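None of the values given here were measured: they were computed from a predicted structure.
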Amino acid sequence: AKAPSEMAPSSSGSPREDDEPTPIAFGELVEPIGARSFFTDVWGQRTHAGELRPDALSRLRKGFGEGDLANILPDCRRADNTPYSSEEMEDMAKALEGSGKTLDVPYCFSPGARELEAAFVRASCDCVALHPRTAPEYALGELGADVEVGIYASRAGGDVAEWHCDENHNFTIQLHGSKEWLVCAPDPCHPRAEGSCGMFDAPRSRAEQVSRRAPANLADAERHSLGCGSVLYVPPGWWHRVLPTSGACESISANVRVGALSAARWLSSLLYAHLAAHQTRAYQDGGPGEATLASVDRDAATLGAKGLLGPGDGNGMTGLLGTLAGCVAHELAHFVDTCPLPRAVPCEPDLSDGLERAATLAFLEEQGFLAPPSCVEDGRFHFRVCPMTAITLKRRGAATLIVHMVRSCVLADREFTRFALHCPVEVEAALQVLVLRGHATVEDMLVAGSDFEHGDQASGDEMNHTKCVLRILVRAGIVTAATRISAGEVAAAAGQRGASRAPVHRDRDGKRPRNHQTMQKL
């Protein structure tokens with residue numbers, strides 16, 4: 001389902017149609033303090049309670065089927081993006097009516113849900129522009145690419161969500177009925193709990209055992225009574241208990257989840273992505289010194305733990321793990337530089353669906369979603385695909401190329417970005433060079449691409465469009481631009497130079513690759 005109100009107002013100030021309603025703005029969800037103060041003083045630090053204006057509440061209610069589950073559930077999806085069957089929807093409604101079972105539907109794509117998602121994406125882009133130096137843990141602009149909207153439906157006397165915490169930034173918008181929330185800050189003497197968990201769940205590690213200790217101040221927990229139009233923000237890791245208090249009326253609330261990452265999880269993810277990429281280059285006869293990294297994968301099964309750890313007295317890592325540890329120690333700063341945090345990209349609703357956002361090159365250029373032009377004008381810059389990203393090129397008809405981008409953490413099986421950029425097909429040959437090699441300069445892409453396609457110099461349109469695409473990819477964090485490149489990458493590219501056509505890859509299950517090293521192995 002799509003609604004006109006999903007469309008973000010153009011940053012260029014283009015006028016809207018008179019009969020087109022103004023879309024929900026993020027600032028309306030955090031009144032009375034506004035978006036700027038919210039990001040600076042509240043985001044990730046404390047709870048915030050607000051109230052929607054009547055007109056905004058009315059628009060959202062309409063976008064969520066006026067609270068009728070028969071209108072909402074057809075626009076909801078499972079985690080694999082498949083719809084619920086009519087029998088499943090009937091069973092869900094009966095469970096709510098008959099036994100008071102709370103319906104937790106985490107993936108909703110109704111017009112109201114998509115309008116909320118669009119508001120958060122616009123806010124993330126605005127936050128980057130307004131606060132370019134804001135710390136990532138307090139800036140939606142760095143993690144706004146991971147926004148999901150779901151619904152909760154419950155009845156008084158039904159299920160109580162006992163004390164638990166979530167790993168996301170949570171916004172609850174009460175559309176119908178009422179609920180009572182108890183919220184308690186995590187113990188400041190212990191680290192915030194990783195992941196979503198119940199307060200009394202059995203720990204699986206020492207870190208969980210320490211972080212999941214019940215706060216000593218539960219008796220002093222904040223109490224929030226949410227009625228129609230109430231908005232409550234709860235930061236990641238904060239404990240909360242939720243009780244439906246509606247009478248005969250069902251309680252319907254929208255839940256917006258914005259991804260949050262701890263430094264430990266992000267660092268672990270990017271280290272894994274880089275080490276896997278090192279081994280991939282080694283298998284492709286990368287460069288001197290890379291063969292020892294490849295031996296980790298080949299020899300681990302036969303050597304066992306002793307071979308992995310190597311000889312020694314236990315006071316240090318040697319053997320194959322020691323080799324990897326040395327690689328990390330030597331290249332850590334480089335690893336971090338080439339894996340920027342994901343960033344939300346403005347989208348066009350007519351090209352997007354619930355699972356994937358999309359936009360044209362012209363739209364993003366009009367929105368100003370571009371890295372500084374210096375990165376494509378200075379010939380010293382190398383563009384490098386983030387190891388956590390897979391880029392797949394697809395033709396649509398004779399004139400359009402779709403640059404499909406997925407950014408994920410394979411360790412946590414979590415996606416941060418899924419976006420399709422619609423470009424003129426003239427940029428295909430140049431982008432194939434970047435996709436195949438993993439890194440290239442603008443000159444590499446234009447020269448190799450033009451040689452392959454035309455046997456002559458790239459046209460002016462091809463050059464301008466290619467540079468524009470690169471500036472968008474840099475701004476989105478899909479690729480990085482730097483004047484330094486490692487010797488291993490130079491050697492790896494040397495073996496592939498001249499081969500500029502990268503086929504569309506799929507893994508053995510027919511799925512698209514989720515990061516660059518997976519694509520290279522295929």
Side-chain angles (χ1 to χ4, degrees), residues 3 5-6 9 21-68 72 102 108 110-124 126-127 138 140 144 147-156 161 166 168-185 221-236 238 240-247 249-258:
S5 56
E6 293 167 29
T22 302
I24 293 288
F26 179 83
E28 295 181 76
L29 303 176
V30 293
E31 289 185 345
I33 64 174
R36 182 185 292 270
S37 295
F38 177 83
F39 285 125
T40 303
D41 304 326
V42 176
W43 181 255
Q45 304 169 70
R46 60 183 176 87
T47 61
H48 175 77
E51 198 82 16
L52 284 176
R53 292 197 303 265
D55 60 324
L57 174 60
S58 177
R59 293 203 308 273
L60 280 182
R61 279 179 161 180
K62 183 177 180 180
F64 282 92
E66 298 292 354
D68 187 345
I72 301 174
T102 295
C108 180
S110 69
R114 292 174 59 116
E115 185 173 355
L116 283 173
E117 181 188 29
F120 276 75
V121 172
R122 290 195 301 272
S124 69
D126 293 342
C127 182
Y138 299 133
L140 175 62
V147 179
E148 297 169 338
V149 181
I151 64 160
Y152 284 95
S154 57
R155 300 183 73 89
D166 299 312
N168 305 306
H169 297 269
N170 277 300
F171 290 80
T172 293
I173 302 140
Q174 194 70 30
L175 301 173
H176 300 271
S178 59
K179 281 184 178 179
E180 183 174 300
W181 283 62
L182 278 72
V183 184
C184 190
E222 300 176 13
R223 290 181 176 269
H224 298 273
S225 178
L226 272 61
C228 296
S230 296
V231 181
L232 178 64
Y233 165 71
V234 178
W238 281 52
H240 50 281
R241 182 178 186 267
V242 186
L243 174 70
T245 57
S246 295
C249 175
E250 292 176 353
S251 169
I252 305 289
S253 59
N255 173 241
V256 183
R257 306 180 301 280
V258 182

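- The two atoms that bring Thr172 and Ser253 nearest to each other are CG2-CB, 4.0 Å, heavy atoms only.
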Q | Steps toward side-chain contact (heavy atoms from CB on, under 4.5 Å) verdict (Ile151, Asn255) | A | CA-CA 6 Å; Ile151 64 160; Asn255 173 241; over 6 Å; no
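- To the nearest 0.5 Å, atoms CZ (Phe120) and CZ (Phe26) are separated by 5.0 Å.
- Under the 3.5 Å distance criterion, the side-chain polar atoms of Arg61 are left unmatched by any main-chain donor or acceptor of Gly67.
- Closest approach of Ala221 to Leu182, counting heavy atoms only: CB-CB, 4.5 Å.
- Here Leu226 contributes atom CG and Lys179 contributes atom NZ; the two are 8.5 Å apart, rounded to the nearest 0.5 Å.
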Q: Give the C-alpha distance, both sets of side-chain angles, the deciding distance and a yes or no for side-chain contact (heavy atoms from CB on, under 4.5 Å) between Trp181 and Val234.
A: CA-CA 10 Å; Trp181 283 62; Val234 178; 4.0 Å; yes
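- To the nearest 0.5 Å, atoms OG (Ser225) and CG (Leu232) are separated by 11.0 Å.
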Q | side-chain contact (heavy atoms from CB on, under 4.5 Å) between Val30 and Phe39, worked out | A | CA-CA 10 Å; Val30 293; Phe39 285 125; over 6 Å; no
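- A heavy-atom distance below 4.5 Å is not found between the side chains of Phe64 and Ile173.
- Residues Val183 and His224 share a closest heavy-atom pair of CG2-CD2, 4.0 Å.
- Distance alone, capped at 3.5 Å, is enough to place a donor-acceptor pair between the Gln45 side chain and the Thr40 backbone.
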Q: Kindly indicate, with the supporting measurements, whether the criterion side-chain contact (heavy atoms from CB on, under 4.5 Å) is fulfilled by Val231 and Leu52.
A: CA-CA 7 Å; Val231 181; Leu52 284 176; 3.8 Å; yes
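- Annotation for Glu66 and His176: closest pair C-NE2, 3.5 Å, computed over non-hydrogen atoms.
- Atom-to-atom distance recorded for Arg36:CZ and Asp41:CG is 11.5 Å, nearest 0.5 angstrom.
- Judged by distance alone, with hydrogens and angles left aside, the side-chain atoms of Ser230 form a donor-acceptor pair with the main-chain N or O of Gly227 at under 3.5 Å.
- Note that the CG atom of Leu60 and the CG atom of Leu175 stand 6.5 Å from one another [nearest 0.5 Å].
- For Tyr233 against Pro235, the heavy-atom pair with the smallest separation is OH-CA, 3.6 Å.
- Here Arg59 pairs with Glu28 in a salt bridge; the nearest charged N to carboxylate O distance falls below 4.0 Å.
- A donor-acceptor pair under 3.5 Å links the side-chain atoms of His240 to the main chain of Trp238, judged by distance alone.
- With a 4.5 Å cut-off on side-chain heavy atoms, Asn168 and Glu148 do not count as touching.
- Closest approach of Val42 to Thr47, counting heavy atoms only: CG1-O, 4.2 Å.
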